[in-house]
Protein chains: 8
Amino acid sequence: MSHGLPLDLDLDRLRRCGFPEVVFGAGKTVEEVLAAAQRLHAEHGRVLVTRAAPEALQALSAALPAGRAFPRSGCFSSGAPEPDCGPVGVVSAGTSDEPVAEECAVTLQARGVRVLRFSDCGVAGLHRLLRHLDELRTCQALVVVAGMDGALPSVVTGLVDLPVIGCPTSVGYGVASGGRAALGTMLASCAPGLTVVNVDNGFGAGYAAATIARRSR
Amino acid sequence: MSHGLPLDLDLDRLRRCGFPEVVFGAGKTVEEVLAAAQRLHAEHGRVLVTRAAPEALQALSAALPAGRAFPRSGCFSSGAPEPDCGPVGVVSAGTSDEPVAEECAVTLQARGVRVLRFSDCGVAGLHRLLRHLDELRTCQALVVVAGMDGALPSVVTGLVDLPVIGCPTSVGYGVASGGRAALGTMLASCAPGLTVVNVDNGFGAGYAAATIARRSR
Amino acid sequence: MSHGLPLDLDLDRLRRCGFPEVVFGAGKTVEEVLAAAQRLHAEHGRVLVTRAAPEALQALSAALPAGRAFPRSGCFSSGAPEPDCGPVGVVSAGTSDEPVAEECAVTLQARGVRVLRFSDCGVAGLHRLLRHLDELRTCQALVVVAGMDGALPSVVTGLVDLPVIGCPTSVGYGVASGGRAALGTMLASCAPGLTVVNVDNGFGAGYAAATIARRSR
Amino acid sequence: MSHGLPLDLDLDRLRRCGFPEVVFGAGKTVEEVLAAAQRLHAEHGRVLVTRAAPEALQALSAALPAGRAFPRSGCFSSGAPEPDCGPVGVVSAGTSDEPVAEECAVTLQARGVRVLRFSDCGVAGLHRLLRHLDELRTCQALVVVAGMDGALPSVVTGLVDLPVIGCPTSVGYGVASGGRAALGTMLASCAPGLTVVNVDNGFGAGYAAATIARRSR
Amino acid sequence: MSHGLPLDLDLDRLRRCGFPEVVFGAGKTVEEVLAAAQRLHAEHGRVLVTRAAPEALQALSAALPAGRAFPRSGCFSSGAPEPDCGPVGVVSAGTSDEPVAEECAVTLQARGVRVLRFSDCGVAGLHRLLRHLDELRTCQALVVVAGMDGALPSVVTGLVDLPVIGCPTSVGYGVASGGRAALGTMLASCAPGLTVVNVDNGFGAGYAAATIARRSR
Amino acid sequence: MSHGLPLDLDLDRLRRCGFPEVVFGAGKTVEEVLAAAQRLHAEHGRVLVTRAAPEALQALSAALPAGRAFPRSGCFSSGAPEPDCGPVGVVSAGTSDEPVAEECAVTLQARGVRVLRFSDCGVAGLHRLLRHLDELRTCQALVVVAGMDGALPSVVTGLVDLPVIGCPTSVGYGVASGGRAALGTMLASCAPGLTVVNVDNGFGAGYAAATIARRSR
Amino acid sequence: MSHGLPLDLDLDRLRRCGFPEVVFGAGKTVEEVLAAAQRLHAEHGRVLVTRAAPEALQALSAALPAGRAFPRSGCFSSGAPEPDCGPVGVVSAGTSDEPVAEECAVTLQARGVRVLRFSDCGVAGLHRLLRHLDELRTCQALVVVAGMDGALPSVVTGLVDLPVIGCPTSVGYGVASGGRAALGTMLASCAPGLTVVNVDNGFGAGYAAATIARRSR
Amino acid sequence: MSHGLPLDLDLDRLRRCGFPEVVFGAGKTVEEVLAAAQRLHAEHGRVLVTRAAPEALQALSAALPAGRAFPRSGCFSSGAPEPDCGPVGVVSAGTSDEPVAEECAVTLQARGVRVLRFSDCGVAGLHRLLRHLDELRTCQALVVVAGMDGALPSVVTGLVDLPVIGCPTSVGYGVASGGRAALGTMLASCAPGLTVVNVDNGFGAGYAAATIARRSR
């Protein structure tokens with residue numbers, strides 16, 4: 001390989017300074033997840049693992065006893081800093097959406113953001129959502145997690161003047177299967193200002209909300 | 001053709017007694033629409049034409065001066081009876097959904113059902129919908145017409161204990177184009193009891209709501 | 001949370017008065033299903049569970065011995081009232097559609113509606129359907145359950161002057177897999193007055209038909 | 001090009017002996033259509049043109065005055081032989097399906113097959129179809145043309161013991177647009193023995209039915 | 001149920017006289033399959049079962065020892081008559097398409113049609129197909145079974161002057177998964193006269209080819 | 001309508017305080033657009049119109065001479081405040097993406113946000129993007145507009161530690177037509193923190209970025 | 001903008017040395033196309049314009065009289081070098097595929113590659129393709145252009161030991177509309193070594209084939 | 001079968017001379033894979049097996065001890081020649097794409113092509129890709145393997161003047177599931193000269209790249 005030093009030095013300028021201490025656990029063996037997590041933890045003093053299998057969570061808990069496993073979402077987090085910004089609200093529609101909401105909340109906390117959780121706020125029971133209106137409006141940003149019809153983010157965005165990120169989930173059957181209906185309605189929303197992430201991408205929604213919250217201090 | 005009378009007589013038993021005096025105008029020439037409408041009007045004393053082109057509406061108004069044309073939706077109705085049941089509420093989200101909502105309302109009236117219209121009730125401005133809550137609850141059934149995100153029927157169904165029919169419209173662009181997003185979210189709705197018709201099918205939604213209302217007397 | 005009493009009181013007005021005693025069992029543990037069912041049963045004296053796993057049905061039968069489990073559809077119902085309205089007809093095309101038809105019938109019964117079942121009425125054997133024509137016409141509403149080609153609801157709707165709800169099922173392979181073909185043909189039906197629910201949503205179809213039947217008394 | 005005579009001679013064995021005298025007019029200029037039609041007519045004494053624009057039909061009628069133009073379907077046929085086999089029944093659901101049905105019938109006649117037409121037989125009015133049952137059963141094969149819900153071929157196939165070819169049309173809107181719903185339900189049909197062609201492919205359906213009828217003599 | 005005798009009598013006229021002795025085994029228990037097969041066998045002296053699980057095949061072989069099980073395709077056939085018409089050619093592209101081709105061949109034989117099998121004829125090795133050209137042309141009809149690219153039926157139809165039925169299979173991955181690519185190319189074929197059945201529907205293709213062959217005697 | 005004052009008062013609490021002075025011009029007549037714009041301008045001293053036809057832009061310029069029309073995107077803006085926050089970068093891939101990028105920039109400016117434009121930065125010419133790296137990193141947030149392959153937002157997000165909103169455009173043909181490919185790749189992006197809006201929704205992307213920027217002061 | 005010289009210099013290393021003298025004419029005004037073409041021609045002594053409207057072709061011919069316009073495909077090429085490599089074969093299935101094939105051939109010639117054209121080689125008439133077999137095998141690479149069923153590239157790839165690029169076209173209706181069926185079957189091809197470009201992308205196919213041919217010298 | 005010798009002889013001319021010693025292991029039993037591999041190895045002295053199950057790999061290793069199994073991709077190769085051309089670069093985005101990249105590399109080596117591997121080059125960390133720029137430019141051709149957003153091939157193609165083949169993988173969830181997003185963006189790429197294979201088709205990509213490389217000597 002013949003290219004010289006000058007380009008190498010410049011390439012470092014292309015590195016993004018942010019939060020690289022994440023291991024995406026899906027499709028990796030327990031050993032691979034563990035090795036990657038230990039290496040990142042050694043380098044940075046913190047690590048976030050997402051989509052880890054139960055055995056990987058066990059291995060992580062044994063190897064990094066100061067960390068915490070979140071079995072519902074398959075997350076493991078160690079070295080999360082004290083929250084110094086936020087809060088960001090994580091609103092979810094139904095109990096089946098909880099794993100994705102948890103992945104989102106854990107990601108926010110791993111980036112030092114305080115989180116408020118609002119669960120079971122589906123639009124079929126509007127009074128449950130409206131009860132939280134004042135508190136929702138105190139947040140720096142909101143992530144709204146919903147499967148099935150995915151109508152919740154449109155309703156929430158119409159009620160607040162905040163950055164709102166819609167996160168569809170794969171919960172549902174028939175036309176909703178795989179999150180298609182929820183994704184579609186969120187992207188098509190009439191409520192201006194809503195942005196969207198991929199189905200089940202609680203990590204991405206939390207990461208983006210954290211980036212917003214960190215700059216809102 | 002050799003089959004005898006007995007079958008012919010029985011076949012009449014397969015006829016549906018309902019409301020056959022409808023002409024679907026799309027894809028027909030002005031002459032064809034006019035001829036069909038005049039024949040039905042002569043037989044039944046009433047006729048409903050949907051999806052007629054402007055020239056067809058003009059020809060119908062000239063030929064059947066007691067009737068009324070609805071240019072926004074391309075409908076023409078003559079001989080509609082005095083309403084003797086209802087009301088059915090027709091709720092719509094945005095101004096672009098009005099043509100479909102009008103087709104629905106004209107169909108209901110053609111079948112003798114009283115109609116209440118609730119316009120501009122999109123979920124991004126929830127207060128506009130909730131203002132009508134008491135009146136919505138007085139209806140025998142509701143048709144909720146919405147394009148774009150199509151979230152309105154889910155919200156409305158969660159607020160009333162009535163038969164609700166969701167009618168998606170083709171209003172929208174990107175993932176919403178052709179009514180796909182709206183149709184998906186309505187079918188996937190978490191609000192129990194919502195049923196759905198094809199995109200832009202204001203006639204079908206109105207016909208079904210009229211069948212319900214007529215039996216609710 | 002700082003908002004005052006007046007809003008709280010008004011929020012109760014947003015509650016829908018209907019039939020909230022339902023547990024959607026899919027994706028919940030046996031313990032979660034059982035706890036939810038027992039809580040609702042204690043509050044309301046009745047409960048309907050849908051899409052429960054076999055172990056959940058066993059646990060429910062043990063805990064609520066007055067109730068009845070329906071293993072084919074994964075339903076459990078306790079405290080269903082004596083039927084005081086109806087009947088609603090539940091028509092199904094093939095034997096593989098029976099679980100969805102059963103979920104629909106159980107839901108209707110849980111809401112106090114009398115049910116008539118018409119099985120094995122697929123359009124490929126039209127004489128089997130037509131044999132029931134008179135009885136079908138005595139119903140307050142019909143739910144027509146069909147997978148594969150999903151043609152049955154169009155045919156039935158053309159024969160009666162009743163509210164008809166089409167319920168596609170995920171039975172089928174190739175272009176029919178997941179219920180796509182059946183859903184499409186039902187939404188596109190030329191028979192006016194047919195409305196549709198999501199694939200496999202026997203609960204939703206039954207709930208909507210019950211709402212119609214209850215108002216038809 | 002170096003390959004010798006022997007291969008050339010064998011290649012002639014790959015030619016299909018059938019009915020090559022067809023010009024597909026779509027996307028061709030009037031001149032191109034005319035030239036191709038005249039060349040085939042000169043060679044074979046007959047020609048069939050499909051999907052020709054009105055100007056092309058005019059030019060064809062002027063150049064080949066013994067032929068006949070079918071403006072509804074854009075067909076032109078000259079030199080069609082006296083029918084010596086059949087009949088094949090062409091059944092259509094609604095008036096908007098007529099152009100495709102006409103293309104099918106003209107194709108059959110161009111191949112010397114006698115045609116019986118059964119129009120306006122949509123499943124929403126079953127008595128209209130059943131009235132023709134005896135006559136349908138006298139045919140050698142049936143082509144059933146339907147748009148919108150496309151349910152007609154399933155019903156017809158269940159009533160006869162004949163080769164039935166379903167031809168979906170692009171008539172319809174919403175989920176039916178472009179013929180998607182009709183195509184899906186035909187392919188998914190529970191009625192054994194139904195085969196299907198592409199949307200609007202009246203020519204292909206007629207060609208296949210003619211191949212069957214010619215061998216049924 | 002109040003309708004009188006005359007209709008009942010006429011309904012028998014709606015029965016299709018054909019080949020009703022078939023059990024579709026998918027989604028049925030071993031007991032259900034066995035009971036249905038035994039009942040049909042007792043009534044008609046023959047039965048065809050498709051898509052049966054291995055245990056069902058075992059039970060059928062034990063109960064109807066004169067029959068034959070076809071494990072690759074999950075078929076069981078008993079009482080098939082001596083072939084008195086045909087032959088019909090069943091052409092398949094690759095070894096993974098064999099189960100569908102076998103289901104097709106067994107169906108043809110169950111209806112008394114002689115079958116010729118042409119395997120491993122994928123278009124990527126054209127010489128293997130062309131070697132059989134003369135024999136293909138002796139058939140009354142052809143069924144061409146292909147997954148992946150599904151190009152074979154277009155090529156075959158261009159070489160013969162026979163009824164050809166394309167049967168796509170779900171063999172393939174990526175864009176081919178579930179048979180989508182194969183189905184699309186077959187429906188879109190430029191070779192006139194090709195008709196198509198649903199993905200993996202070897203039974204339907206064989207049934208249709210048998211109907212053609214039986215009338216070609 | 002019978003509900004009393006207390007609810008009405010509370011409903012005002014559901015209004016979102018934000019930026020309601022927008023007219024979506026698509027599907028409205030010139031008169032409707034003009035009337036809505038004049039009303040909003042009279043109430044709020046400012047108005048933004050999007051997706052207006054050329055004639056509507058002319059009428060708006062005549063009626064509100066202090067405003068400015070943007071013909072490429074069909075926008076009209078009057079009363080936009082001096083920018084007091086930002087900047088937000090609007091990055092676009094190709095010249096065909098300019099109308100959407102302009103709609104986005106005009107929206108940002110209408111909400112008082114300073115805008116930096118980076119055009120012609122498609123990934124096929126990476127050096128053009130990297131040239132702007134330092135300047136991109138000075139922004140409060142980025143909107144990245146791209147059609148065809150839509151790969152640009154993934155690349156940009158990997159280079160900065162900022163909120164990035166991807167806006168796919170409908171530019172493209174084949175698999176890219178309607179923006180499908182671009183939308184898919186943006187939602188699937190491996191670069192954490194990217195959120196997405198509907199195809200061609202420059203207004204929504206700009207609105208969301210403005211909400212972020214306004215809170216970043 | 002503060003970044004210093006060293007990065008700028010390195011960025012030049014990211015430029016691709018290839019063939020940048022191309023103007024994509026779609027969606028550009030005549031003036032824009034002309035200006036871009038003249039600028040590139042002045043800089044490089046050659047230019048290729050694709051997808052230009054007829055008026056743009058006229059303007060280009062007037063401004064660059066040494067160039068040549070190709071109206072069927074909307075191409076304009078000036079300064080194409082004498083061919084010094086190749087040949088590359090451009091095989092097309094039907095006459096409607098000619099515009100895409102022409103765009104491909106013009107692109108190849110603009111890059112100095114000799115082109116052999118093989119037209120009207122659809123798989124429904126295999127003898128027409130096989131007649132050219134020897135000549136096809138003399139090429140350095142092949143581009144195979146086909147719409148409708150798109151089966152041709154699979155067949156061709158099975159006959160040669162060359163790089164083959166499949167280029168689907170949007171020719172077709174029903175399931176073939178927009179080139180979907182053709183694209184699917186090409187990607188799913190069983191013939192190893194076939195690669196594919198976007199629908200109608202004659203330029204891309206030609207560009208890639210030229211890159212291969214230039215390295216084959 | 002009556003056709004004579006001359007055709008048979010000519011058919012041999014249709015054989016493609018290339019690399020037929022490949023067994024596609026998916027959907028075959030261990031015995032079938034082993035038998036096919038042994039037969040090819042005996043005939044040609046080499047064999048490549050792809051998509052073999054672990055047990056098949058074991059059996060192959062036992063039967064052909066000179067060969068090598070690649071468990072990650074399910075490949076087995078025996079008798080691969082010493083590389084005499086290349087190199088071809090195989091670039092992959094993430095660790096989950098490794099199995100497909102390995103299948104590609106093994107295929108190249110089996111055809112005698114030298115391979116350079118570039119792993120972990122996803123566009124979210126551009127500096128990792130650019131570090132390899134000089135080496136990438138020394139290759140005869142590149143295969144770029146990427147799942148999720150699939151943006152890598154567009155970026156790479158913009159940096160080199162080489163034949164580049166994009167190979168999407170099925171890695172991903174939501175809109176990326178099954179490789180849909182990656183496939184779409186690659187086909188839609190703005191970077192001229194990129195061609196694409198089916199999702200996960202590392203064999204096809206490697207085969208095509210080998211054909212190019214073999215002719216580049």
Side-chain angles (χ1 to χ4, degrees), chain D residues 10-11 13-20 22 24 50 107 111 126 130 133-134 137 139-141 143 155-168 183-184 186-199 201 203-217, chain E residues 10-11 13-20 22 24 50 107 111 126 130 133-134 137 140-141 143 155-168 183-199 201 203-217:
Chain D
D10 275 306
L11 288 175
R13 298 189 59 247
L14 302 185
R15 280 182 206 276
R16 165 182 180 163
C17 32
F19 183 74
V22 186
F24 183 66
T50 62
T107 302
R111 293 197 67 196
L126 210 52
L130 294 180
L133 187 55
D134 288 351
R137 287 178 171 167
C139 294
Q140 301 280 3
V143 175
V155 172
V156 170
T157 305
L159 292 168
V160 300
D161 189 27
L162 295 172
V164 183
I165 297 168
C167 181
L183 176 63
M186 290 183 198
L187 285 167
S189 178
C190 299
L194 178 63
T195 62
V196 186
V197 297
N198 195 7
V199 175
N201 192 3
F203 167 72
Y207 193 99
T211 304
I212 294 170
R214 297 211 68 77
R215 303 181 71 88
S216 304
R217 278 180 299 180
Chain E
D10 275 304
L11 287 175
R13 298 188 59 247
L14 302 186
R15 280 183 206 274
R16 167 183 177 162
C17 31
F19 183 73
V22 186
F24 182 67
T50 63
T107 302
R111 293 197 68 196
L126 209 52
L130 295 180
L133 187 54
D134 288 350
R137 287 178 171 167
Q140 300 281 3
V143 175
V155 172
V156 170
T157 306
L159 292 168
V160 299
D161 189 27
L162 294 171
V164 183
I165 297 167
C167 181
L183 176 63
T185 196
M186 290 184 199
L187 286 167
S189 179
C190 300
L194 178 62
T195 62
V196 186
V197 297
N198 195 7
V199 175
N201 192 3
F203 167 71
Y207 193 99
T211 304
I212 294 170
R214 297 212 68 76
R215 304 182 71 88
S216 303
R217 277 180 300 181

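As the structure is a prediction and not an experimental result, all values here were calculated from the model. Below, read A as the first sequence line, B as the second, and so on, with proteins coming before strands; counting in each chain starts at 1.
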Quiz item: Between D/Val196, D/Asn198, D/Thr211, which shows the greatest number of heavy-atom pairs under 4.5 Å with chain E?
Solution: D/Val196

Self-check item: Members of residues 184-194 of chain E whose heavy atoms come closer than 4.5 Å to chain D
Solution: E/Leu187, E/Ala188, E/Pro192, E/Gly193, E/Leu194

Quiz item: How close do D/Arg215 and E/Gln140 get, heavy atom to heavy atom, and via which atoms?
Solution: NE-O, 3.5 Å

Practice problem: Just jot down the side chain to side chain contact (heavy atoms under 4.5 Å, CB included) partners of D/Cys139, sequence neighbours excluded, or say none. | Solution: D/Pro87, D/Leu116, D/Leu142, D/Leu162

Self-check item: side chain to side chain contact (heavy atoms under 4.5 Å, CB included) partners of D/Val199, counting only residues at least two apart
Solution: D/Pro168, D/Ser170, D/Leu183

Practice problem: Would you give the length of the straight line joining atom CZ of D/Arg214 to atom OG of E/Ser216, rounded to the nearest 0.5 angstrom? | Solution: 13.0 Å

Exercise. Give, as side chain, backbone, both or neither, the part of E/Phe203 having an atom under 4.5 angstrom from any heavy atom of chain D.
Key: side chain

Exercise. Check each atom of E/Thr157 against the heavy atoms of chain D and say whether the ones under 4.5 Å are side chain, backbone, both or neither.
Key: both

Quiz item: If you tally heavy-atom pairs under 4.5 Å against chain D, which of E/Gly158, E/Gly166, E/Gly204 wins?
Solution: E/Gly158

Quiz prompt | Criterion side chain to side chain contact (heavy atoms under 4.5 Å, CB included) against E/Pro163, the qualifying member of D/Ile165, D/Ile212, D/Thr195 | solution = D/Ile212

Quiz prompt | Residue list, side chain to side chain contact (heavy atoms under 4.5 Å, CB included) with D/Ala210, at least two apart or on another chain | solution = D/Leu108, D/Arg111, D/Val113

